[in-house]
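Here is the naming used below: chain letters follow the sequence lines, and residue numbers restart at 1 for every chain. Only this structure's heavy atoms are used, side chains among them; waters, hydrogens and symmetry mates stay out.
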2 protein chains.
Amino acid sequence: MASMKAATIRDVAARAQVSVASVSRVLTGAGAVTEPTRQRVLEAVAALAYVPHSGARSLSTSRTDTVGVVLPDLFGEFFSELIRGMDLAARTHGLHLIVSSSHDDADEASAAIRSMRGRVDGMIVLSPHLDAANLAASLAGSLPVLLMNGGATDAGRPSIVVDNHGGAVAAVEHLIAGGARDIAHICGPTGNLEAEARMAGYVQAMAAAGLKARVVDGDFSQSSGHAAVRAMLAEGSHSDAIFAGNDVMAVGALLALQEAGVRCPEDVAVVGFDDVPIAQLVRPSLSTMRINIAETGRRALDRLVDLIRAKDDEALPADVACEIVRPVLVARDSSRANPSINTQASDDGRTAVKSTISSGGHQDV
Amino acid sequence: MASMKAATIRDVAARAQVSVASVSRVLTGAGAVTEPTRQRVLEAVAALAYVPHSGARSLSTSRTDTVGVVLPDLFGEFFSELIRGMDLAARTHGLHLIVSSSHDDADEASAAIRSMRGRVDGMIVLSPHLDAANLAASLAGSLPVLLMNGGATDAGRPSIVVDNHGGAVAAVEHLIAGGARDIAHICGPTGNLEAEARMAGYVQAMAAAGLKARVVDGDFSQSSGHAAVRAMLAEGSHSDAIFAGNDVMAVGALLALQEAGVRCPEDVAVVGFDDVPIAQLVRPSLSTMRINIAETGRRALDRLVDLIRAKDDEALPADVACEIVRPVLVARDSSRANPSINTQASDDGRTAVKSTISSGGHQDV
DNA sequence: CTAATTTCTGTAATCGGTTACATGACACAC
DNA sequence: GTGTGTCATGTAACCGATTACAGAAATTAG
């Protein structure tokens, strides 16, 4: 019982008194088999607890039924929602998901990509750090890859990007519509493409409205948002609104305002980006730009599957488009002109507005 | 350029003017090779962009260098931290991680386990729903498996469990030490082993203190925590403290108290469980029981690697112990006798108390 | 210079599936 | 009975790595 070798397809064939070809036909569903044969095979499979050797199968079919996902160091909720969406889609396609996470620089991400090559049929790469050149070098020539490197539109490569630029514009326009004129921006870390796109959107929207832009440094952490507001107040800020590069910094900003006795939204309105779960739990609840993350992940995997099929079939339709996910404004109390006195707490947010996904064209960054 | 077949080890051998054996020796690092040979091989590998076929390798070595993780439908931060820890550990061992998430019932989890068998060297299974019988049926006989099915101590199988029972006891004792006497518990969904262990701990601690237990139904969602408190207040509760089965419900409870004008912690103290990031952002900041999730994930993977080694070496030390992770109390304002007027907002929590991991013995559920 | 080692290299078997092709069985029509 | 077509099945050749073993080359000893 201890060291019984695992059963092979030949063992199954022997027990079922058929050839290996018949066993394979039953198991893969390809090719005709009579009912009695099928039964005998299934009985033998069950009796021997036979599991096909995936390596052997992959060797003869030259497919792995596995896709890889390379991720940077992401905030909790974003990460889990994304994987959830991808995993669900993968399951419906009968695929497995290899994940490699927490790559906080380009070299690590490259290494992860290289070590995945050869064991996956395709890859999804999220990498705010990796530029096109670096990436191309790491990628296997013919391996289908879907990029989600928010910000840099790498022409010619299939990708899905969040419209950070457009989202930032919408956030600023929302603040302006609410009466704000002196709007400051707490930006994300330099070098992060998403952060830069959001800042660019802010700058453009301010310029378009004829307003003066003011950018305060941040790094996407809560404490940096807190510090940014403290610094602003210390130097006698007259801002009547703040657009933070992400929700986490926005929450830090809210707390700093609260500590300083500045009312939100009456004195200073605040808008974040991402719609993390905390956004609806803080008081005042935080206005933000929402992305339907799970849906985006699902969509990414579906597109990758299409790319893999396109490669297999040698038929041409390799969809090389850069698809754009547009964030939607979720207006809550932190930017409301007349905040409701008492917000209900049962806003679980699961059923709210979905982010739209539109296809074609390139991002207007 | 379009449909160039991927290079094989024979192509490399031909180009480098050596045998496949030498190429293999260079690439695997096993066996002696002269420097000139090594150089020629490496040059050929680079020139052909050769990547070893993992299936073929797995076929001859009968190892996949991959481990699987089966997960239920988890809350965001927990999920991502756990994967982060496991992924980091996997990388140091040169292993890849296949994840399958969002299994919200036993059948789905079983299916996931079966579909993973044969493509991994070992598995980590988190499954609050799967009982021992179901699990054993789904598991390959000789595949190393590490369980993290919080609550059910499946004797004889290597596992890591969170001491939910002990954590609940500690939480209640903390509330009692703060002066509370009428402590209510908002429990998690029935059938969830973790929820049940926490409730059992609450009941035992109350009994030990000679206090009367009161349990209100919840389901781990924020709105259920909110509803529970509203129900309590509606029927004229006299509770001076609430122990919630998790942080998310505790936050719902906090908001409900706030809406009703009940002060926390002055009138009612609140303690949660998990220490999700929100816990330190709500006001009052939430006292809770913390588990170092990433560390636990890392530890789980390390133990799995040991199990795989033990199986390979045929040497005996198969570590079958049930390791226990003890949550640590994080006392914040929601349960402080004299809450500080102004809490600093820069408590990022990354550097706080680590949860202890102690080994051996069984959980005293 | 020959013999004994040691070190490197190559040949070919092997891992466990899939599948093209050949074979055999059977039915039906004439 | 023979011919023809269909359908189920088996045989054996792959897929691309690793590695036991044998043989060649280089080193050292005597």
Side-chain angles (χ1 to χ4, degrees), chain A residues 4-42 44-45 48-66 94 115 117-121 140 142 312, chain B residues 4-42 44-45 48-66 94 115 117-121 140 142 312:
Chain A
M4 184 176 50
K5 293 268 158 282
T8 75
I9 198 173
R10 280 163 238 276
D11 299 327
V12 175
R15 187 178 222 272
Q17 314 253 48
V18 297
S19 73
V20 294
S22 292
V23 176
S24 179
R25 279 188 276 257
V26 169
L27 262 29
T28 61
V33 181
T34 57
E35 195 50 30
T37 306
R38 149 170 276 107
Q39 289 308 326
R40 290 219 309 283
V41 168
L42 292 178
V45 165
L48 299 174
Y50 168 71
V51 179
H53 189 293
S54 73
R57 178 173 281 177
S58 140
L59 183 53
S60 33
T61 61
S62 67
R63 296 175 64 265
T64 62
D65 293 328
T66 303
S115 97
R117 273 173 19 190
R119 42 175 67 240
V120 296
D121 294 333
S142 63
D312 286 354
Chain B
M4 185 175 49
K5 294 266 158 283
T8 76
I9 197 173
R10 276 163 244 276
D11 299 328
V12 175
R15 187 177 223 274
Q17 314 253 49
V18 298
S19 73
V20 294
S22 291
V23 177
S24 180
R25 279 188 276 258
V26 170
L27 263 28
T28 62
V33 181
T34 56
E35 196 50 29
T37 306
R38 147 170 279 104
Q39 288 309 327
R40 289 220 308 285
V41 168
L42 292 179
V45 164
L48 300 174
Y50 167 71
V51 180
H53 189 293
S54 73
R57 177 171 282 178
S58 140
L59 184 53
S60 33
T61 60
S62 66
R63 296 176 64 265
T64 62
D65 293 328
T66 302
S115 98
R117 276 173 16 191
R119 43 175 66 239
V120 296
D121 293 335
S142 62
D312 286 353

Problem set entry | Closest-nucleotide ordering on DNA chain D, the 5'-leading residue of B:Ala30 and A:Thr37 | A:Thr37

For this session: Would you kindly compare A:Ala21 and B:Val33 by the position of their nearest DNA chain C nucleotide and give the one closer to the 5′ end?
Result: B:Val33

Exercise. 5'-most contact on DNA chain C: A:Tyr50 or B:Val20, nearest heavy atom basis?
Worked result: B:Val20

For this session: Please determine which of A:Arg15, A:Glu35, A:Gln17 meets the side chain to side chain contact (heavy atoms under 4.5 Å, CB included) test together with A:Arg40.
Result: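 Filter result, single survivor: A:Gln17.
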
Exercise. With respect to B:Tyr50, which candidate in B:Leu27, B:Val41, B:Asp11 satisfies the side chain to side chain contact (heavy atoms under 4.5 Å, CB included) definition?
Worked result: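 Filter result, single survivor: B:Leu27.
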
Tell me what [X] touches on the nucleic acid: a base, only sugar-phosphate, or nothing, going by heavy atoms under 4.0 Å.
X	result
A:Ser62	nothing
A:Ser54	nothing
B:Thr8	sugar-phosphate
B:Thr28	sugar-phosphate

d([atom1], [X]; [atom2], [N]) in whole Å:
X	N	atom1	atom2	result
B:His53	C:dG17	NE2	C1'	12 Å
B:Arg38	C:dC8	CZ	C1'	13 Å
A:Leu59	C:dT18	CG	C1'	10 Å
A:Asp65	C:dT18	CG	P	11 Å
A:Leu27	C:dG16	CG	P	16 Å
A:Arg25	C:dT18	CZ	P	11 Å

Taking the side chain as C-beta and beyond, is there a heavy-atom pair between [X] and [Y] under 4.5 Å?
X	Y	answer
A:Ile9	A:Pro52	no
B:Val12	B:Thr8	no
A:Leu59	B:His53	yes

For this session: Would you grab the first and last nucleotide of DNA chain D (5' to 3') that comes under 4.0 Å of any non-hydrogen atom in chain B?
Result: D:dG16 to D:dT19

For this session: Check whether the side chain of A:Arg10 and the base of C:dG17 form a donor-acceptor pair under 3.5 Å.
Result: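 Such a pair exists between side chain and base.
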
For this session: State, without any angle test, whether A:Arg119 and B:Thr66 hold a side-chain donor-acceptor pair at a distance under 3.5 Å.
Result: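 A donor-acceptor contact under 3.5 Å links the two side chains.
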
Exercise. Does the side chain of B:Ser19 get closer than 4.0 angstrom to OP1 or OP2 of C:dG10 through an N or O atom?
Worked result: yes

Exercise. Hey, does the side chain of A:Thr61 come within less than 4.0 Å of C:dG17's phosphate (OP1/OP2), counting only N and O?
Worked result: no

Problem set entry | Salt bridge B:Asp312-B:Arg63, side-chain N to carboxylate O under 4.0 Å |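 A salt bridge is present here (some side-chain N lies under 4.0 Å from a carboxylate O).
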
